[in-house]
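Report on the following structure.
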Number of protein chains: 2
Amino acid sequence: MVPAMSEVAPPENAGSIPDLVELVHHVMKGALRHVQPTLNSEEISMGQFWALHTVSSLDSASLGTVARTLNLSPPTVCANIDALEESGLVRRHRSEKDRRSIEISLTPRGRRVEARVWREVSAVISGAARGVPGSDLATSIRTFRTIADRLDQGPVPRRAGA
Amino acid sequence: MVPAMSEVAPPENAGSIPDLVELVHHVMKGALRHVQPTLNSEEISMGQFWALHTVSSLDSASLGTVARTLNLSPPTVCANIDALEESGLVRRHRSEKDRRSIEISLTPRGRRVEARVWREVSAVISGAARGVPGSDLATSIRTFRTIADRLDQGPVPRRAGA
DNA sequence: TATTGTTATACTCTATAACTATA
DNA sequence: TATAGTTATAGAGTATAACAATA
């Protein structure tokens, strides 16, 4: 027996996905443009900030962990950490348990910079989302969490109508 | 009289915005990783694809229009168009009305490549969004359209709790 | 003078390959 | 041998400044 099409690929989804892709691309570009002055005044690049933010979230992490979290190569993260260390925002110290591994932690100044920039990023998006009902934001977050998790799980199943 | 806090800055929004920012960043990185093999086999870069897609959407556009649409500098778009022209995917021709301006249009092959890659991008996201109710996708699109439009309108108003 | 596109140039971000130290 | 991090190097992607042609 052939299943009804609506059980396999809900037709109402397929058509709207391209709009979502364009909007997300547009929002990323726009948000970056708004945040750039803050990054400039803190003398930090966007890539450096994501590394800083990741270390902050994980509260001390190895370089490899940061690379895996951000889906970047170790040399890329290494260069970012070099710059952050030179600016006095993070410290490197070898792990006691495994002397190959190096642990990265934030300096007090690193913590302050991370908090300031992250607050600014949130303020920009929050300001742009003024008036959007909390329930709509919650739905968007749920939707994006689903998509993010599935993209992390390897190849996504394809559907004819997609 | 001081307004109640919930009328000024709904507290349920402020806290969830950082999650949304992280998820969008993660989805962008993940989607790029999934689409990269298609871009490689079409021998086209992501930047070139966005230029191609923009020309396709606008159905012939000037270089400046593409640059403004993508929020990129004219030299950046010029380089992308150079590459696309060399690959035989677009054509340049001077405008009759204003001979400073050059119009860009897709070749038949450009149309086919654009359609293939865009279908693949949509398929990746669509596959990752399988099972998400169409109404949730519609809500996400509405939310992102609001945010994108506001980011385009210049500086966003800041709120204390953001 | 102002605008459209281009060229010249430089800087950032990123990855792969080769290397070092440790396991 | 395998893994964590680093160095060397090269290729995209991007922007600003200077230029050409046209308005």
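Small disclaimer: the values here were computed from a predicted structure and weren't measured. Here is the naming used below: chain letters follow the sequence lines, and residue numbers restart at 1 for every chain.
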Roughly, in whole Å, what's the span from [atom1] in [X] to [atom2] in [N]?
X: A/L63; N: D/dT3; atom1: CG; atom2: C1'; result: 13 Å
X: B/L32; N: C/dT14; atom1: CG; atom2: C1'; result: 11 Å
X: B/L39; N: D/dA12; atom1: CG; atom2: C1'; result: 13 Å
X: B/R94; N: D/dA23; atom1: CZ; atom2: P; result: 9 Å
X: B/K97; N: D/dT22; atom1: NZ; atom2: C1'; result: 16 Å
X: A/M46; N: D/dT14; atom1: CE; atom2: P; result: 15 Å
X: A/D82; N: C/dC13; atom1: CG; atom2: C1'; result: 14 Å
X: B/E96; N: D/dT22; atom1: CD; atom2: C1'; result: 14 Å

Answer with base, sugar-phosphate or nothing: what part of the nucleic acid does [X] contact at a heavy-atom distance below 4.0 Å?
X: B/R92; answer: sugar-phosphate
X: B/S45; answer: sugar-phosphate
X: A/S95; answer: nothing
X: A/S73; answer: base

Establish, from distance only, whether the side-chain atoms of B/H93 and B/E103 form a donor-acceptor pair under 3.5 Å. no
Can a donor-acceptor pair be found between the side chains of B/D149 and B/Q153 at a distance below 3.5 Å? no
Please determine if B/D82 and B/R92 form a salt bridge, counting it only when a charged side-chain N lies under 4.0 Å from a carboxylate O. yes
Applying side chain to side chain donor-acceptor pair (under 3.5 Å), can you list everything that pairs with B/N71, at least two apart in sequence or on another chain? A/R33
If you only use heavy atoms from C-beta on, which nucleotide in [options] is closest to the side chain of [X]?
X: A/P75; options: D/dG5, C/dT16, C/dG5; answer: C/dT16
X: A/R100; options: D/dT14, D/dT3, D/dG5; answer: D/dT3
X: B/I102; options: C/dG5, D/dG5, C/dT7; answer: C/dG5
X: A/D98; options: C/dT4, C/dA23, D/dA23; answer: C/dA23

Any side-chain N or O of B/S62 under 4.0 Å from OP1/OP2 of C/dT4? no
So which heavy atom on A/R109 is nearest to which on A/S87, and how close? NH1-O, 2.7 Å
Side-chain donor or acceptor of B/R99 under 3.5 Å from a matching atom on the base of D/dT22? no
